[in-house]
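What follows is one structure encoded as structure tokens, with my remarks underneath.
Only this structure's heavy atoms are used, side chains among them; waters, hydrogens and symmetry mates stay out.
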Protein chains: 2
Amino acid sequence: MIDERKQRILQAIIDDYISSAEPVGSRTLARKHDLGVSPATIRNEMADLEMLGYLEHIHTSSGRIPSSKGYRFYVDGLIPPKPVSDEEKSLIDRWYKARVKRIDEVFQETARLISQVTKNVSIVLAPQVSQAAFRCLQFLPLDDHRAIAVIMTDAGFVENKIVEMPSGAAFEDFQRMAGVINRSLAGRILRSIQGTAMKQIRDEIQDESLYESALEVIRRALDSEKRERLYLGGATHMMEQPEFQDVDRIKDILLMLEEEELIKDILHAHRGEGLEVSIGQENENSRIKDCSIITATYHLDGELLGTIAVLGPTRMEYGKAMSLLEYMNTNLANVIRRFHW
Amino acid sequence: MIDERKQRILQAIIDDYISSAEPVGSRTLARKHDLGVSPATIRNEMADLEMLGYLEHIHTSSGRIPSSKGYRFYVDGLIPPKPVSDEEKSLIDRWYKARVKRIDEVFQETARLISQVTKNVSIVLAPQVSQAAFRCLQFLPLDDHRAIAVIMTDAGFVENKIVEMPSGAAFEDFQRMAGVINRSLAGRILRSIQGTAMKQIRDEIQDESLYESALEVIRRALDSEKRERLYLGGATHMMEQPEFQDVDRIKDILLMLEEEELIKDILHAHRGEGLEVSIGQENENSRIKDCSIITATYHLDGELLGTIAVLGPTRMEYGKAMSLLEYMNTNLANVIRRFHW
DNA sequence: GTTAGCACTCGACGAATCAGAGTGCTAACA
DNA sequence: TGTTAGCACTCTGATTCGTCGAGTGCTAAC
């Protein structure tokens with residue numbers, strides 16, 4: 001159905017279109033690639049490929065451009081491997097070393113880096129604190145009626161909250177409470193902290209108002225970081241792409257990117273093991289039917305932490321973007337480990 | 001030199017141009033504003049105003065547009081007052097209540113809010129931690145050889161750093177060190193912590209490797225937060241302005257905004273008491289010679305904390321932007337106070 | 001099955017045209 | 001003397017019209 005010559009032609013067309021952004025015609029294709037056949041033959045093959053749905057015709061007498069199905073075929077088999085070069089790896093390494101001092105900067109700079117290399121928008125979904133394991137809780141006295149609760153998790157996060165002490169409670173009561181909570185919750189995934197554990201704490205504390213404070217602290221730790229943080233990069237790089245030379249289109253994309261919930265949903269839809277590519281029409285969201293998204297999940301010690309993604313026009317350098325994401329998601333674990341204990 | 005009628009005409013021209021973004025001609029001006037004179041007279045006055053440098057002519061036979069000098073005159077005296085409405089105030093209030101849970105969100109959301117209302121780019125320079133007063137330092141044990149240093153300042157910041165304990169040091173040594181540091185530095189402005197105070201600490205600690213650790217902690221607290229954080233908002237709103245309908249121009253502005261040091265320098269150049277407006281040609285930086293910046297500083301208890309700013313085309317709604325900034329910089333103090341102790 | 005040739009189709013580009021809005025100048029007016 | 005009407009002139013922006021180049025599809029020949 002789609003023989004080897006058709007494949008070669010399809011690949012040549014897509015490679016060409018990806019690098020030039022111009023519809024590609026039979027004559028130029030014959031000139032540039034040494035396919036061993038004449039333009040007329042290529043035309044015939046192109047007509048077949050269009051019939052089969054791999055190519056599209058804007059209107060008669062413009063060259064062909066790949067359809068989503070064409071890109072899909074390309075991504076699934078034809079894609080020329082383009083590994084991350086050693087220079088790029090060392091650039092990435094130096095970048096992290098120079099710019100990252102705090103854990104949130106890891107994600108921000110990862111986003112920046114990905115967009116820098118791919119010239120596209122990148123999205124980094126940072127791990128939720130609430131899916132990290134509780135490690136320990138400590139109180140620091142602030143004045144007579146307030147203290148700072150410092151909560152540490154296994155994922156390297158340190159959260160602090162100012163809490164009011166119930167009137168009549170002494171700081172020692174708080175210390176005791178911390179002990180109770182630490183014993184009950186150590187190692188628990190924050191998100192999974194629920195009824196039974198809390199009941200145990202209640203029984204041990206034996207003081208209603210103090211228990212309320214404990215509850216408050218834990219709830220806040222869960223609450224405030226329940227939302228996964230989203231880091232974006234590359235709005236300016238996007239503007240280098242010929243398909244984003246229209247201000248309204250750019251605005252549209254940027255507005256969409258501001259809708260955190262939407263973006264998270266899109267990323268959550270792709271949580272498989274390896275890389276996932278969603279091409280053009282394959283995207284649910286109508287605003288990015290002419291875009292592709294490549295997603296990759298990153299892990300630490302086997303635990304799913306988050307997702308990194310590249311969003312760009314369907315005419316995207318899939319090979320480059322995919323190998324970069326592949327490299328980054330292994331690399332990210334090492335970088336995050338530095339903030340770990 | 002510039003009589004009352006000229007003023008009225010200048011104001012009408014600028015008002016018109018600000019709302020329409022089109023060069024304004026004598027006839028339309030006569031039609032829209034009831035100036036009591038004929039277009040011909042207006043033409044004569046316009047010619048005079050141009051001679052005096054308040055107006056500009058792109059080329060013969062397009063209407064006039066204000067020059068930087070014209071805007072300056074307008075801003076300094078003609079500007080129609082446009083106070084923030086009660087609805088807007090309550091919108092702002094609700095916005096903060098709904099969206100702000102952490103102190104860094106105060107600044108992010110302020111930026112978002114300002115750009116939302118003014119339809120321009122906004123910049124918020126958050127207070128440096130290092131110009132806050134040291135309040136206290138505590139260590140929390142992590143494992144045998146590490147601890148978390150939690151540093152609190154008067155401005156409501158809590159910073160934490162993981163520190164290695166020198167081999168042989170026990171956690172009790174750290175506790176003692178915290179005591180020494182707290183006694184020596186309490187109330188000091190972080191930035192001003194220097195030689196003498198450090199010497200005192202050294203004398204008290206009497207242990208070289210422990211002293212090194214102390215130094216490390218304090219240095220890190222100063223270091224990592226030495227850089228003032230910059231929050232930006234409104235890239236998409238900017239795109240609604242007719243002067244930013246060109247992708248390259250937008251890209252140019254966005255790239256400039258990514259240069260944190262540059263932006264900080266620009267904001268630092270305006271640190272007067274009230275609002276400051278820098279119009280078009282008045283800007284040092286050539287990339288924004290067709291933009292205006294309005295800056296305002298905000299304070300807490302008389303202490304200068306940071307700067308908020310609006311960046312837009314010279315054709316900007318100065319009245320609205322200025323009164324908004326004025327309102328925001330008083331309001332901000334109240335919002336920040338909520339995170340204070 | 002492959003290729004050459006040919007008629008046809010679009011889009012991009014530049015020149016020409018035209019309407020609309022504006023100016024500057026002059027002369028008349030109060 | 002300041003104001004206004006009238007007029008010639010200018011420039012922009014939209015529209016139209018060829019023209020050119022690149023491409024296609026079809027047919028016939030190899």
Under a plain distance cut-off of 3.5 Å, with no hydrogens placed, do A:N283 and A:S278 share a side-chain donor-acceptor pair? yes

Are side-chain N/O atoms of B:E326 and B:S323 paired as donor and acceptor at under 3.5 Å? no

Output the rounded distance in Å from CZ (B:R64) to P (C:dA21). 18 Å

Could you tell me how far apart B:K6 (NZ) and D:dT3 (P) are, to the nearest whole angstrom? 9 Å

Is there a donor-acceptor pair under 3.5 Å between the side chain of B:S67 and the backbone N or O of B:G53? yes

Determine yes or no for a side-chain-to-main-chain donor-acceptor pair under 3.5 angstrom, with A:Q241 supplying the side chain and A:M238 the backbone. no

Positions of residues 23-53 of chain A (non-hydrogen atom under 4.0 Å from DNA chain C), listed by number: A:V37, A:S38, A:A40, A:T41, A:R43, A:N44

In numerical order, the residues of residues 10-22 of chain B whose heavy atoms come under 4.0 Å of DNA chain C are none

Check whether any side-chain heavy atom of A:R31 sits under 4.5 Å from a side-chain heavy atom of A:T28, and report yes or no. yes

For a 4.5 angstrom cut-off between non-hydrogen side-chain atoms, does B:N329 reach B:I308? yes

Taking every heavy atom of A:I288 against every heavy atom of A:M256, the minimum-distance pair comes out as CG2-CE, 3.4 Å

On a heavy-atom basis, the closest approach of A:E276 and A:R271 is OE2-N, 3.9 Å

Could I get the full list of side chain to side chain donor-acceptor pair (under 3.5 Å) partners for A:D246, not counting sequence neighbours? none

Which dot-bracket string fits DNA chain D when only Watson-Crick or G-U wobble pairs with both atom distances under 3.5 Å count, crossing pairs get [ ], and | stands for a partner on a different strand? ||||||||||||||||||||||||||||||

Is it the case that the ring center of A:Y71 lies less than 6.0 angstrom away from the ring center of A:Y318? yes

Full working for salt bridge (charged side-chain N to carboxylate O under 4.0 Å, His left out) between B:D248 and B:K251: CA-CA 5 Å; B:D248 285 336; B:K251 195 177 146 200; 5.5 Å; no

Can you pull the salt bridge (charged side-chain N to carboxylate O under 4.0 Å, His left out) pairs that have at least one residue in residues 16-26 of chain B, sequence neighbours excluded? B:D16-B:K32

Dump the intermediate steps for salt bridge (charged side-chain N to carboxylate O under 4.0 Å, His left out) on A:D290 and A:R249, then the final yes or no. CA-CA 11 Å; A:D290 60 346; A:R249 184 78 189 105; 2.7 Å; yes

Report, as a single string ordered 5' to 3', how protein heavy atoms within less than 4.0 Å touch nucleotides 7-12 of chain C: B base, S sugar-phosphate only, - not at all. --BBS-

